[in-house]
Protein chains: 2
Amino acid sequence: MSEIMTRSIQDYLKHIYELNEYGSAASTNDLAARLNIAPASVTGMLQKLANSKPALVVYKKHQGATLTRPGEKAALEVIRHHRLLETFLVTTLGYSWDEVHCEADKLEHVISEDFEARMAKALGHPTRDPHGELIPTADLVMPADKSCPLASLRTDDTATVRRVSDDDPALLRHLRKIGVVPEVKIVVKSYSEFDGNLTLQVEGQKLNVVLGKAITSQVFVDK
Amino acid sequence: MSEIMTRSIQDYLKHIYELNEYGSAASTNDLAARLNIAPASVTGMLQKLANSKPALVVYKKHQGATLTRPGEKAALEVIRHHRLLETFLVTTLGYSWDEVHCEADKLEHVISEDFEARMAKALGHPTRDPHGELIPTADLVMPADKSCPLASLRTDDTATVRRVSDDDPALLRHLRKIGVVPEVKIVVKSYSEFDGNLTLQVEGQKLNVVLGKAITSQVFVDK
DNA sequence: AAAATTATTTAGCTTCACCTAAATAGTTTT
DNA sequence: AAAACTATTTAGGTGAAGCTAAATAATTTT
């Protein structure tokens with residue numbers, strides 16, 4: 001076994017990376033849910049990725065998976081492709097930010113390193129994609145991110161929207177409509193203990209908005 | 001069995017289309033050579049394509065394959081993707097004409113209809129790709145082509161280069177160097193019975209060139 | 001027309017990445 | 001601590017798309 005990066009493997013690594021970012025090891029079930037496949041299938045693949053040379057994940061029965069160095073590099077490669085592609089589609093073909101995710105998910109596995117380099121150059125080596133998510137550098141380092149969930153703010157906190165999760169087009173359209181997009185400043189006018197709702201004053205918007213946890217957990221801000 | 005268009009199937013259909021254009025049915029061996037797989041594997045796939053609903057090819061043992069209407073439409077879809085992509089890569093990312101084929105071969109299977117439409121619009125609905133090859137229309141009709149091989153010209157014939165085969169990068173670099181590119185006018189100064197060499201005067205070039213059949217059979221012109 | 005050569009097909013096998021059903025391990029609840 | 005529940009793994013199986021080796025059909029040469 002060696003360096004054969006199939007589409008599936010790239011998808012596994014990408015999602016393991018994202019789950020690892022969150023907390024600790026990526027569980028079988030979480031991966032299965034994200035990949036839309038049966039948990040049993042995930043177990044098989046994790047065993048394979050752990051036994052490949054070089055190993056791409058560290059995996060112990062019932063304890064989920066984390067990426068090894070080579071696995072992380074491979075994941076960052078895919079994530080760099082994805083985020084550059086999203087940026088490219090928006091600036092070059094006039095896609096809106098809720099339309100790019102799907103297309104990028106397919107293209108990310110297929111473009112050459114040359115294509116990647118040409119996009120990066122044409123776009124002026126961007127550091128964030130249209131949703132504000134950080135783009136790994138050409139040498140596959142993920143820049144540090146100190147943003148926190150909007151949901152963690154409380155009354156009178158002020159912050160700047162940094163990034164939003166890109167995988168729900170409907171949420172993205174809603175956020176655009178209410179002006180919650182990267183680089184916009186917000187002020188928390190009130191917080192509700194019971195449902196976790198936040199009332200926000202959004203820069204450039206006349207009316208305040210009330211957002212529930214389903215939304216505020218998907219938006220990340222810098223204080 | 002129904003409308004599942006895998007990458008492999010798309011590749012088979014594309015190459016069958018191109019072989020059909022040439023002469024008659026696409027033979028097992030010719031397909032195997034183009035696809036870089038064993039002839040035995042081709043037989044299996046042709047049987048499958050002929051028995052699918054709807055049938056994508058007409059196939060009789062030992063007589064090769066031709067496309068049905070649905071098969072041709074599917075092939076033209078892939079070819080339209082390929083040729084629009086080549087055009088897009090050249091105009092948008094500064095690829096040169098010998099570099100685009102490979103990348104387009106991978107991307108053609110992956111882009112959405114939306115991506116196709118956006119490219120076509122951004123490029124002003126081009127009718128030919130960078131090699132001069134005709135791009136099937138959005139409703140999947142291949143425009144008529146009356147060009148003939150440069151190899152069929154004789155002394156004192158004049159013609160305009162229309163298109164060149166795109167699958168050999170080295171040949172493309174050579175053609176560019178000697179100025180044999182689409183829309184350029186040429187005059188045949190002499191023809192050699194023995195080796196089929198043609199001596200050409202190429203518009204915009206100081207010196208005449210002598211080209212063998214390996215080249216002149218890959219260049220197509222309008223008289 | 002027989003022999004030789006070339007093209008194609010059949011048969012049986014492999015790998016990849018998934019699946020379901022059943023078994024087991026780990027975690028909560030009572 | 002047992003019972004119940006949830007998460008995970010094992011076992012066995014599928015379809016896609018390739019492979020090799022051997023058989024057969026078609027074509028060309030002698």
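Proteins come first, then strands; the chains are lettered A, B, ... in the order of their sequence lines, and each starts at number 1. If you're wondering where the values come from, they're calculated on a predicted model, not measured in any experiment.
- OP1 or OP2 of C/dT8 has not a single side-chain nitrogen or oxygen of B/Y59 nearer than 4.0 Å.
- Under 4.0 angstrom from either OP1 or OP2 of C/dT10 there lies at least one side-chain N or O belonging to B/Q47.
- Using a 4.0 Å heavy-atom criterion, one finds that B/T43 contacts the bases of the nucleic acid, with or without backbone contacts as well.
- Straight-line distance from the CG atom of B/N51 to the P atom of C/dT9: 13 Å, rounded to whole Å.
- Geometrically, B/R162 does not engage B/F220 in a cation-pi contact, judged by NZ or CZ lying under 6.0 Å from the ring centre and within 45° of the ring axis.
- Rounded to whole angstrom, the span from the CG atom of B/D30 across to the C1' atom of C/dT6 amounts to 13 Å.
- The salt bridge (charged side-chain N to carboxylate O under 4.0 Å, His left out) check on A/R118 picks up A/D114, B/E99, with sequence neighbours excluded.
- Ring geometry, A/H101 versus A/H82: the interplanar angle exceeds 60°, so the pair is classed perpendicular (tilted spans 30 to 60°).
- A sub-4.0 Å separation between OP1 or OP2 of D/dA26 and a side-chain N or O of B/K61 is absent.
- Considering all non-hydrogen atoms of both residues, B/V110 and A/K106 come closest at O-NZ, 3.1 Å.
- Using bins of under 30°, 30° to 60° and over 60° for the plane-to-plane angle, the ring pair B/F88/B/F115 lands in the perpendicular bin.
- A/Q63 has its CD atom 12 Å from the C1' atom of D/dT8, to the nearest Å.
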- Query: When you check every protein heavy atom under 4.0 Å of nucleotides 16-25 of chain D, what one-letter string (B, S, -) results, 5' to 3'?
  - Reply: SSSBBB---S
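- Applying the salt bridge (charged side-chain N to carboxylate O under 4.0 Å, His left out) test to A/D168 and every residue at least two apart in sequence or in another chain returns nothing.
- Residue B/N29 has a polar side-chain atom (N or O) positioned under 4.0 Å from OP1 or OP2 of C/dT8.
- The distance between atom CG of B/L31 and atom P of C/dT8, rounded to the nearest whole Å, is 10 Å.
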